Structures are given as C-alpha cells and as structure tokens.
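All ligand and atom numbering here is 1-based and tracks the order in the structure. This one's a predicted model, so the numbers in the text were calculated from it and none came from an experiment.
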Amino acid sequence: MRKQVIAGNWKMNGDSGFITELVNGIIKESTDLNNIDIIFIPPAIYASKVIELTVTSNIAVGLQNVYFESKGAYTGETSTEMAKDIGASHILVGHSERRQYYGETNEWVSKKTSCVLNNSLTPIVCLGESLEQRESGKLEEVLGAQLSEGLFHLSADDFSKVIIAYEPVWAIGTGKTASPEQAQEVHAFIRNLIKEKYGDTVSEKIIIQYGGSVNDKNAKELLGQADIDGALVGGASLKVDGFSAILKEANNL
Ligand code: PEP
C-alpha cells in the first residue's frame, strides 16, 4: 500500500512570526501521526528557519522552485545544490503558477526534475489542465504531453523517486475542487500512462497527490480514492487547524 504524502505549499505568504506559530502549531498537532509523510514548502527565504523549527520532528521541508544550473550569473535564482545545502529534501517543479506567470515549459520541467534527482532530492512535479483545455476535450492530450515531455526521459529507477501532483488549474485557489470521482478518474489515467511507459511495478509504487482547494471538509473523500496518494495543499496549509485536520484524515485512512 502506498503511504499518503501531504505537502503544504505556502506560496508567497507569511513572515517570521506567522511561520513560527504555524510550524509550532502543526508540530504539536501532528506528533502522533506516524502513517503519513508531511512536507512544508515555505517561501525560500524562510526555508532555513523552518528546517531549524522542524529539526526534531518528522516533517520534511521543500522549496517551491529551483533553477537547473548549479551556480553562476542567474540573478534571483536558487540552485538545487543550495536547497540541499540548507537541508531541504523536496522541490516543487512545474507548479501551474510557475507555468502561468513565469513561462515554465515542459522542457524546463524536464531539466529541473533531472537536476533535482541528480542531487538526490525529491521532485514534486505538478501536472494539470486549465478549464478551457478540459472543456474542449484536451485533458488527456495536455496531461500526456506534460508527462512525456516533462518526465518520460527519466530511467525507471529515477522516475520511481518522483512524486506527481495532479492539480487541475481551475481548482487551484478557487474554492472549486474536482469531485472525488473526477479526481480519481484522472489519477487512474495518469497511473495508466505510467504503466504503459514503465510497467506495473513503477506505476503501482508512484505517489500521485491531488491538489486544488483541498480542505478539512473534502480531504477525507478525496484521499480515500484508490489512486489518490496524498494532497498538495495551498490555502488550507496556512492554518494550523485546517492543515492539522487534513493530516489527521490522511493518517486515519
Ligand atoms: C497549490 O498551490 O498547489 C494549491 C493546490 O492551492 P490551493 O489548495 O489553495 O488550491
């Protein structure tokens, strides 16, 4: 059975005081949750602080983005080596906000994913369709291209270390979530594409999170679907009570 993996993407939110309270609050609520993996993904500037605050807990810390070069004249960028140096373990790759606002392409996703894996960190690679793409019947084509162009260059061994997050763009930050049936259908489709490319063992092992307005009310039903192995949570990860409730639902499955 695959373990549920719950990650909180804090996006560009918080300050030192807020983050300290949030981390301490969630640590307190999650000490007995041994069946799940928990990841905080703070703004990069606070990542070292969050790593210090979580050092005695089982909570991992990731970054929201890295560049695929290791060093050099890339003003404003952070390398995977730097993420590793401070003790981060996971990197979000290809989040829809990066694709939408910063022009991140499937080609960049492929380079960043390789770079993260080459540094022995875990990429959480986001896939998802826009409402327009879904309504015009392009969902399978879009997800197929995101997978094949972004990830299918990897060896089976490397691919099985990736976490995939299916995040329909129309459900992110909108309060509209995919129904559990809609989400399950797409997760099964993604797992099947992985099976066709890498075979049963890899496709059964790979973690596929769902993301898009997950909260304490809808988490249980979404996470209870056969092919949903956790959640990438945005807005609700900024509240101690809301995020802790999601963690408990996942732990109790
Ligand atoms: C996200 O940022 O990945 C996300 C899913 O956000 P939200 O939960 O706010 O929709």
Side-chain angles (χ1 to χ4, degrees), residues 4-14 18-19 22 26 36-44 46-47 50 59-66 88 90-102 104 108-109 112-113 116 122-131 133-134 139 142-143 146 150-151 162-180 182-184 186-187 190 207-223 225 227-250:
Q4 291 271 321
V5 180
I6 311 290
N9 171 19
W10 300 351
K11 312 195 189 200
M12 198 172 72
N13 290 299
F18 174 88
I19 281 171
L22 181 66
I26 295 169
I36 56 172
D37 287 342
I38 307 171
I39 308 158
F40 289 151
I41 312 182
Y46 295 118
V50 176
I59 299 174
V61 179
L63 295 194
Q64 297 171 16
N65 178 47
V66 288
H90 293 71
I91 310 288
L92 271 189
V93 180
H95 190 280
S96 67
E97 287 150 17
R98 300 234 32 112
R99 293 180 190 258
Q100 190 180 344
Y101 304 135
Y102 307 102
E104 196 144 310
W108 274 43
V109 168
K112 289 185 178 192
T113 304
V116 172
T122 302
I124 302 177
V125 180
C126 304
L127 316 176
E129 81 290 358
S130 66
L131 190 57
Q133 289 164 336
R134 175 175 273 259
L139 181 142
V142 170
L143 294 180
Q146 288 175 343
L151 293 178
V162 171
I163 294 174
I164 289 177
Y166 168 59
E167 300 207 302
V169 178
W170 47 272
I172 297 180
T174 58
K176 278 187 214 159
T177 183
S179 69
Q182 273 176 326
Q184 165 58 27
V186 180
H187 279 236
I190 292 171
I207 298 288
I208 310 178
Q209 297 176 311
Y210 171 78
S213 298
V214 174
N215 58 39
D216 51 344
K217 310 266 178 325
N218 58 30
K220 186 176 178 181
E221 239 196 306
L222 283 163
L223 298 176
Q225 301 299 310
D227 287 292
I228 301 186
D229 312 315
L232 179 55
V233 185
S237 70
L238 294 166
K239 295 180 194 112
V240 173
D241 290 352
F243 195 60
S244 303
I246 296 170
L247 297 176
K248 286 172 193 169
E249 294 290 9

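- Within the 4.0 Å heavy-atom cutoff, Ala171 counts among the residues contacting ligand 1.
- Atom 10 (O) of ligand 1 has its nearest heavy-atom neighbour, among Gly211, Gly173, Pro168, in Gly173.
- Between the side chain of Gln4 and the backbone N or O of Ile36, no donor-acceptor pair lies under 3.5 Å.
- What sits closest to atom 3 (O) of ligand 1 on the protein, heavy atoms only, is Glu167 OE2, 2.7 Å.
- Between the Gln64 side chain and the Leu92 main chain, no donor and acceptor come within less than 3.5 Å of each other.
- For the pair Ser213 and ligand 1, a heavy-atom separation below 4.0 Å is found.
- Atom numbering of ligand 1 starts at 1 in the shown order; those under 4.0 Å from a heavy atom of Leu232 are 3 (O), 5 (C).
- Looking at Asn9 against ligand 1, only its side chain comes within 4.0 Å, counting heavy atoms.
- With Asp37 as the fixed residue, the side-chain contact (heavy atoms from CB on, under 4.5 Å) test singles out one of Val5, Ile6, Ile163: Val5.
- Side chain of Tyr210 to backbone of Ala178: a donor-acceptor contact under 3.5 angstrom is found.
- Judged by distance alone, the side chain of Asn218 and the main-chain N or O of Glu221 form no donor-acceptor pair under 3.5 Å.
- Distance from atom 1 (C) of ligand 1 to its nearest protein heavy atom, with residue and atom name: His95 NE2, 3.3 Å.
- Heavy atoms only, all atoms of each residue included: Ala44 and Leu63 are closest at CA-CD2, 4.1 Å.
- For Ser130 (side chain) and Val169 (main-chain N/O), no donor-acceptor pair under 3.5 Å exists by modelled atom type.
- In this structure, atom 9 (O) of ligand 1 lies nearest to the protein heavy atom Gly235 N, 2.8 Å.
- Proximity annotation for atom 8 (O) of ligand 1: of Gly234, Gly8, Gly175, Gly234 comes nearest, heavy atoms only.
- Note: no N/O pair closer than 3.5 Å links Gly212 and ligand 1 by distance alone.
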